[in-house]
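Before any comments, here is the structure.
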Number of protein chains: 2
Amino acid sequence: MANRPNQGRSPVRAAPGWNAEEPDSSSLTQAALDAIREDILSGELTPNTRLRMQMLRERYDIGASPLREALSRLVSDNLVLSLQRRGFVVAPVSLSDFRDLTNLRKLLEKEALSQALARGDDRWEAAIVAAFHQLNRVQERFDPNDRNSVVAWEDMNREFHDALVSACKSAWLLRTRNTAYICSERYRRLCLSITSISRDVKAEHKQLLEAAMDRDVSTIHVLISEHLEATFRKVEESGKLDEVALEQD
Amino acid sequence: MANRPNQGRSPVRAAPGWNAEEPDSSSLTQAALDAIREDILSGELTPNTRLRMQMLRERYDIGASPLREALSRLVSDNLVLSLQRRGFVVAPVSLSDFRDLTNLRKLLEKEALSQALARGDDRWEAAIVAAFHQLNRVQERFDPNDRNSVVAWEDMNREFHDALVSACKSAWLLRTRNTAYICSERYRRLCLSITSISRDVKAEHKQLLEAAMDRDVSTIHVLISEHLEATFRKVEESGKLDEVALEQD
DNA sequence: ATATGAAAAATTATCGAGAAGTTTAGGATC
DNA sequence: GATCCTAAACTTCTCGATAATTTTTCATAT
């Protein structure tokens, strides 16, 4: 592998001396996949942006082949669209799509929680408590201007919700839930300034935790539905999805 | 490994003079995607088969790049696994995976049917009746030895079930349902000699149709659950998933 | 026999170039 | 000025070659 400029924003390629431990970082396709997905989720690559090869090659410092493979995977994950002979586009967003997605998420989360509450053992409970605690800590010293702090919150929020359903044994359900989660995350990040985390998110999470401990399925169904709905409403109120305009690169 | 009687099984490449009308057949990636998916579904490519590039190139007469892109998409669809630096494998099967998948399908089909029954109009009803009628016709002159007849039945069965949920307006739900349907179809074809269609499938379909016309949601929930469960039981009884053996190419 | 290890064979992952197709730009015609 | 046509410019898509592994083979030592 030759010496490249790599002045781009996403340091994809491995550093000179790197720990040969990562699961699959050795593959450029994987690196491209992670980098592009992250950029789409974070809004760095905005909806409807044409993903031109030349641009991508410069941006990620990766050849066209691994990039195309990564994009192909993202197509199946609904983050990218493939236009028949005209390359790839960042999947568009719309309020109605988010409405739709939120409904599906409700269905999947409820089912996953039902199973988790039925099967969860002490370790499961402990993992939730731990994630909850850590999430609160991160939230205390949260700084909306510090990129790292924001990322840390995103990660912990996700870990908490993952912990809740982690006792669910259905791989299919969890995979499907995860796909939906990712796309939903995109809407949240696109529309909600991270500042508005404050909400009552902490209170909501606490209620979820308690319902989980009590194995109160019907309550947790209501809570998770409201949790997701609250996010939807915030996105709706943000007004950032009001234009159906077809933005371009 | 070279003695693969692949001849002509999958005529992927376009014939000399062809109608430039197809939606996307112009893309070799798309052709490869369709062909490989079909071969995995039909069992032509058996579970755990290593998908070696040379083999694939000969088999489909397509270069490595489009093949890799197609495989990348199938990874996201759970039909193919990507081994970090060792290529691709046809996703394995197991009874427990099918159990899991069937449960997810119940959840998705029930929700989709709820929405369809709530929103369906006259045209929706007509489409169901039409598909039901056509399915029965195909079933009457069904010949398990005629490849075309088998494919025709598969297609019509699918069209009937698609018609039932077609009034559901949730694109996310339908997409997700479709992914699950495809993987489920693989299990059915892998394990059930098409001869056993006979079952009471016709009766079951008729009941589904009637419940749809009556907009009887709770009944159709029970019916679709039993329908899927019956298929699961058949697969289970076939005993073809008893071995966990790791087959190879 | 079993384990060790280096060389050979096989296979994947990646790049660069070229063919196929799409978009843009600039007239010519009505 | 608007529409249609053609040529240039640009992109995507695909192939073949090459680098970077992984797997196999086989001789050697325990």
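Model, not experiment: these values are computed from the prediction. Note on naming: letters A, B, ... go to the chains in the order of the sequence lines (proteins, then strands), and numbering restarts at 1 for each one.
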Touch class at under 4.0 angstrom, heavy-atom based, for A:L51 against every strand present: sugar-phosphate
Gap between atom CZ of B:R73 and atom OG1 of B:T29 - 0.5 Å precision: 7.5 Å
Sub-4.5 Å side-chain heavy-atom contact between A:L71 and A:L56: yes
d(CE, A:M53; P, C:dT14) in whole Å: 14 Å
Rounded distance (Å) that lies between atom P of D:dT22 and atom CG of B:L83: 12 Å
Gap between atoms CD and C1', on B:E69 and D:dC15 respectively (whole Å): 13 Å
Atom pair distance, as rounded to whole Å: CG in B:L56 and P in C:dT12: 8 Å
Under 3.5 Å donor-acceptor pair, B:S65 side-chain atoms to D:dC15 base atoms: yes
Taking distance alone, no hydrogens or angles, what donor-acceptor pairs closer than 3.5 Å link side-chain atoms of residues 31-38 of chain B to residues at least two apart or in another chain?
from	atom 1	to	atom 2	distance (Å)
B:D34	OD1	B:Q30	NE2	3.4
B:D34	OD1	B:R37	NH2	3.3
B:E38	OE2	B:R189	NH1	3.2

Results of side chain to side chain contact (heavy atoms under 4.5 Å, CB included) for A:D155 - residues two or more places apart only: A:V151
Spacing of A:R57 atom CZ relative to C:dT14 atom C1', expressed in whole Å: 13 Å
Nucleotides 19-24 of chain C: which of its N/O atoms have a protein N/O under 3.5 Å away?
from	atom 1	to	atom 2	distance (Å)
C:dT23	OP1	A:R86	NE	3.3
C:dT23	OP1	A:R86	NH1	3.4

B:I62 CD1 - D:dG16 P separation (whole Å): 13 Å
Counterpart residues, side chain to side chain contact (heavy atoms under 4.5 Å, CB included), relative to B:S96 (two or more places apart): B:S94
Protein-nucleotide distance (B:R68, atom CZ; C:dT14, atom C1'), rounded to Å: 9 Å
Any residue meeting ring pair (Phe, Tyr, Trp, His ring centres under 6.0 Å) with A:Y187, in chain and number order, not counting sequence neighbours: A:F98
N or O in side chain of A:Q54 less than 4.0 angstrom from D:dT11 OP1/OP2: yes
Distance below 4.0 Å between B:T29 side-chain N/O and D:dC13 OP1 or OP2: no
Side chain to side chain contact (heavy atoms under 4.5 Å, CB included) involving B:D121 - partner list, sequence neighbours excluded: B:R123, B:W124
Rounded distance (Å) that lies between atom C1' of D:dT24 and atom CZ of B:R52: 12 Å
Closest to side chain of A:L28, choosing from C:dA13, C:dC15, C:dT12: C:dC15
